[in-house]
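Remember, it's a predicted structure, so these values are computed and weren't measured experimentally. Within every chain, numbering begins at 1; the chains are lettered A, B, ... in the order of the sequence lines, protein sequences first and strands thereafter.
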Protein chains: 2
Amino acid sequence: MVKKIYNIGVEATLEVIGGKWKTVILCHLRTGAKRTGELKRLIPEISQKMLTKQLRELEQSGVIDRKVYNQIPPKVEYSLNNYGESLSLILNKLCLWGEHHVDYLEKEGKDVALLRRESSKMKERD
Amino acid sequence: MVKKIYNIGVEATLEVIGGKWKTVILCHLRTGAKRTGELKRLIPEISQKMLTKQLRELEQSGVIDRKVYNQIPPKVEYSLNNYGESLSLILNKLCLWGEHHVDYLEKEGKDVALLRRESSKMKERD
DNA sequence: CGGAATCCCAGAAGATACTG
DNA sequence: CAGTATCTTCTGGGATTCCG
């Protein structure tokens with residue numbers, strides 16, 4: 001394998017949390033472990049295929065754990081592991097900025113809506 | 001236009017800084033205004049077309065300014081504007097995490113290299 | 001020098017059906 | 001319920017060329 005060269009730190013970060021859905025998935029996992037179906041419900045637009053794929057990649061990057069319960073029907077839970085937790089503050093800030101941005105868009109007269117304000121409760125802490 | 005619905009704040013954030021190169025571009029602008037050619041040199045793998053496209057989108061999102069100097073040869077400078085500055089802390093943390101991640105990958109025995117440690121000087125501040 | 005316009009394709013991503 | 005497999009669609013983005 002050829003040497004992987006990053007020109008700036010953030011390029012390495014994007015290799016982990018880049019991609020269409022990874023950051024969204026991680027943000028949801030920030031509030032605790034989730035089953036596949038829960039994630040699917042929290043991210044309605046994602047396809048089964050994409051969800052699985054992105055979860056596998058996050059697992060291989062070493063930021064989430066996959067726990068399989070041997071039972072019928074199957075049950076699989078995903079969660080941020082220790083290393084993934086090191087992203088937690090960033091994820092929270094990304095959520096917060098987005099919430100502010102939605103307010104900004106509304107003031108601009110854009111027709112937007114935000115269903116879930118996950119980070120509101122943490123506003124004071126930052 | 002249909003109402004844009006976000007399920008979680010970070011989805012709105014990704015609409016601004018998502019895409020293959022936007023975060024990288026913003027990270028470079030974090031250290032000051034840059035000319036098109038400078039950005040091209042700082043991000044060697046990006047194509048002319050993508051650079052222009054992503055810059056236009058960032059401009060339309062309202063986070064960067066584009067300043068055209070009327071001269072021959074042309075000179076155009078891009079910079080974070082006030083609203084874009086509100087992303088600066090996040091961008092810095094994304095860079096920092098990536099720098100740590102490169103160290104992590106090295107310890108894992110991966111063959112990686114990081115050319116530019118832009119955020120090192122800010123480590124103590126955070 | 002900065003960038004617009006064209007052509008073109010690998011690979012991203014959707015839909016559907018199937019399995020343990 | 002979670003995941004795989006297949007097939008298809010489509011678009012992100014590379015390469016190239018031309019313009020003010």
Between [atom2] of [N] and [atom1] of [X], the distance in whole Å:
X       : N      : atom1 : atom2 : value
B:Lys49 : D:dA15 : NZ    : P     : 11 Å
B:Arg56 : C:dG2  : CZ    : P     : 12 Å
A:Met50 : D:dT4  : CE    : P     : 13 Å
B:Ile43 : D:dG13 : CD1   : C1'   : 15 Å
B:Leu55 : C:dA4  : CG    : C1'   : 14 Å
B:Leu39 : C:dG2  : CG    : C1'   : 12 Å
B:Gln71 : D:dG20 : CD    : P     : 19 Å
B:Lys20 : C:dA13 : NZ    : C1'   : 16 Å

Inset, instruction - Note down the inter-axis angle between the two ends of the helix from C:dC1-D:dG20 to C:dG20-D:dC1, five pairs each, to the nearest 10°. - result: 50°
Inset, instruction - Find which nucleotide of DNA chain D each of A:Thr36 and B:Ile72 is nearest to by heavy atoms, and output the residue with the more 5' nucleotide. - result: A:Thr36
Presence of [X] side-chain N/O under 4.0 Å of [N] phosphate oxygens OP1/OP2:
X       : N      : value
A:Ser47 : C:dG14 : yes
A:Arg35 : D:dC1  : no
A:Arg66 : D:dA2  : no

Inset, instruction - State whether B:Glu85 and B:Arg30 are salt-bridged, where the test is any N-O pair (Lys NZ or Arg NE/NH1/NH2 against Asp/Glu carboxylate O) under 4.0 Å. - result: no
Inset, instruction - Using a strict cut-off of less than 4.0 Å between a Lys/Arg side-chain nitrogen and an Asp/Glu carboxylate oxygen, indicate whether B:Arg117 and B:Asp103 qualify as a salt bridge. - result: yes
Legend entry - Pairs satisfying side-chain hydrogen bond (donor to acceptor under 3.5 Å, both in side chains), at least one member in residues 40-49 of chain B, at least two apart: A:Asn7-B:Glu45
Inset, instruction - Mind listing the closest non-hydrogen atom pair of B:Lys93 and A:Ile90 along with its distance? - result: O-CD1, 3.5 Å
Inset, instruction - Could you check whether B:Tyr69 gets within reach of a base, just the sugar-phosphate, or nothing at all, counting any heavy atom under 4.0 Å? - result: nothing
Inset, instruction - Describe the nucleic acid contact of B:Pro73 in one word from base, sugar-phosphate, nothing, applying a heavy-atom distance below 4.0 Å. - result: sugar-phosphate
Inset, instruction - Take B:Lys75 and A:Lys53, find for each the nucleotide of DNA chain C with the closest heavy atom, and name the residue whose nucleotide sits nearer the 5' end. - result: B:Lys75
Inset, instruction - Would you mind telling me which residue lines up with the more 5' stretch of DNA chain C, B:Glu38 or A:Gln48, judged by nearest nucleotide? - result: B:Glu38
Inset, instruction - Using atom types as modelled and distance alone, determine if a side-chain donor or acceptor of B:Ser79 lies under 3.5 Å from a backbone N or O of B:Ala33. - result: no
Inset, instruction - Consider only side-chain N and O atoms of B:His101 and A:Tyr83, and report whether a donor and an acceptor are under 3.5 Å apart. - result: yes
